[in-house]
Amino acid sequence: MSHALNSTLDNLYNLYKLVESEFENPDARGQLRARQRMQTERMTPDLPKAALPTAGKTPQVDAAQATSTLSELEQDLARLQRSIRLTIAEKLNQFAGQAFPTLEENRKLVDTIAQLIDSHGLRVRCSECGHPAILRVSPRGNSSGVFVFDHTIDNRRTFHGGKSRLPVIHLVAKPPRRKASKKLAS
């Protein structure tokens with residue numbers, strides 16, 4: 001386990017023990033509140049103390065301030081998402097131009113890539129048409145397969161690519177799911 005996870009688990013256990021002792025010892029209440037305050041400060045180190053909720057006080061925020069704060073939050077999240085996207089692409093492109101000797105190994109590689117980027121709401125950009133796609137390995141060609149971009153264009157499933165080596169990867173936002181088309185009864 002990582003050091004941070006161990007530290008968090010230790011802190012949670014200590015907090016549990018304090019809560020448990022509160023039921024046995026009423027004098028532990030002040031100690032529990034102090035410990036909770038320290039835990040909150042540790043988990044939110046970048047927040048000013050005034051931003052943290054306190055007992056009995058409700059911060060007053062007007063609509064303009066809330067809108068401004070949410071707009072800043074959206075900008076911050078967009079910057080973080082861009083940073084995540086570029087970091088993932090940089091790491092994945094260390095494998096560009098390479099391939100494993102077997103179809104199974106190449107499929108495992110692209111399945112792992114697909115799970116990783118999907119968990120971040122991303123897709124691979126097709127190198128031929130630029131549409132968001134899922135990178136796959138097709139058994140065509142030699143025994144280790146070929147890398148293809150699987151995507152839908154004009155409501156038709158399309159495969160582009162077909163190279164025997166992993167292509168350079170550019171990541172884009174995952175498009176929204178298509179609504180199911182209604183079939184006309186004959």
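Keep in mind that what you see is a predicted model, and the values were worked out from it rather than measured.
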For a side-chain contact (heavy atoms from CB on, under 4.5 Å) check, start with the C-alpha distance between Arg85 and Val172, then their side-chain angles and the critical distance, and finish with the verdict.
CA-CA 8 Å; Arg85 187 178 73 241; Val172 295; 5.8 Å; no
Passes side-chain contact (heavy atoms from CB on, under 4.5 Å), His160 versus Ile153? Steps please.
CA-CA 11 Å; His160 285 147; Ile153 302 175; 4.0 Å; yes
side-chain contact (heavy atoms from CB on, under 4.5 Å), that's the test. Do Asp118 and Lys174 meet it? Break it down for me.
CA-CA 8 Å; Asp118 188 59; Lys174 182 178 176 179; 2.7 Å; yes
Test log, rule side-chain contact (heavy atoms from CB on, under 4.5 Å), inputs Leu171 and Arg123:
CA-CA 6 Å; Leu171 299 175; Arg123 287 285 186 258; over 6 Å; no
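You'll find the side chain of Ser144 stays beyond 4.5 Å of the side chain of Pro101, heavy atoms only. Taking 4.5 Å as the limit, every side-chain heavy atom of Ser138 sits out of range of all side-chain heavy atoms of Arg107.
Hydrophobic clustering (ILVMFWY, side-chain heavy atoms < 4.5 Å, transitive): Ile84 and Ile169 are in one cluster. Note: the hydrophobic cluster containing Val137 does not contain Ile134 (ILVMFWY, side chain heavy atoms under 4.5 Å, direct or indirect links). Hydrophobic clustering places Phe100 together with Phe95 (ILVMFWY residues linked when any side-chain heavy atoms are closer than 4.5 Å, directly or through intermediates). Both Leu103 and Ile113 are assigned to one and the same hydrophobic cluster, defined by single-linkage of ILVMFWY side chains at heavy-atom distances under 4.5 Å. Connection of Val146 to Leu109 is not established within any shared hydrophobic cluster, with ILVMFWY side chains joined at heavy-atom distances below 4.5 Å, either directly or through further cluster members.
Pairing each heavy atom of Leu92 with each of Leu166, the nearest pair is O-CD2, 4.3 Å. Nearest heavy atom pair, residue Ala96 against residue Pro167, reads CB-O, 3.9 Å. In plain terms, the two heavy atoms of Arg165 and Gly97 that are nearest each other are CD-O, 3.0 Å. Smallest separation of non-hydrogen atoms from Ala99 and Phe147: CB-CE1, 4.1 Å.
Judged by distance alone, the side chains of Thr102 and Glu105 do bring a donor and an acceptor atom under 3.5 Å apart. For the residue pair Arg156/Thr158, the side-chain donor-acceptor check at 3.5 Å is not satisfied.
Note that CD of Gln65 is 5.5 Å distant from OG1 of Thr69, once rounded to the nearest 0.5 Å. Within the model, atoms CG of Leu70 and CD of Gln75 stand 11.5 Å from one another, a figure rounded to the nearest 0.5 Å. Distance CG/Asn93 to CD/Gln98: 11.0 Å, rounded to 0.5 Å.
Between the side chain of Ser71 and the main chain of Thr67, no donor-acceptor pair closer than 3.5 Å is present. For the pair Ser83 (side chain) and Arg79 (backbone), a donor-acceptor distance under 3.5 Å is absent.
A salt bridge does not link Asp111 with Lys108: none of the charged nitrogens is closer than 4.0 Å to a carboxylate oxygen.
Pairs passing the side-chain hydrogen bond (donor to acceptor under 3.5 Å, both in side chains) check and including a residue from residues 127-137, sequence neighbours excluded, read Arg136-Asp150.
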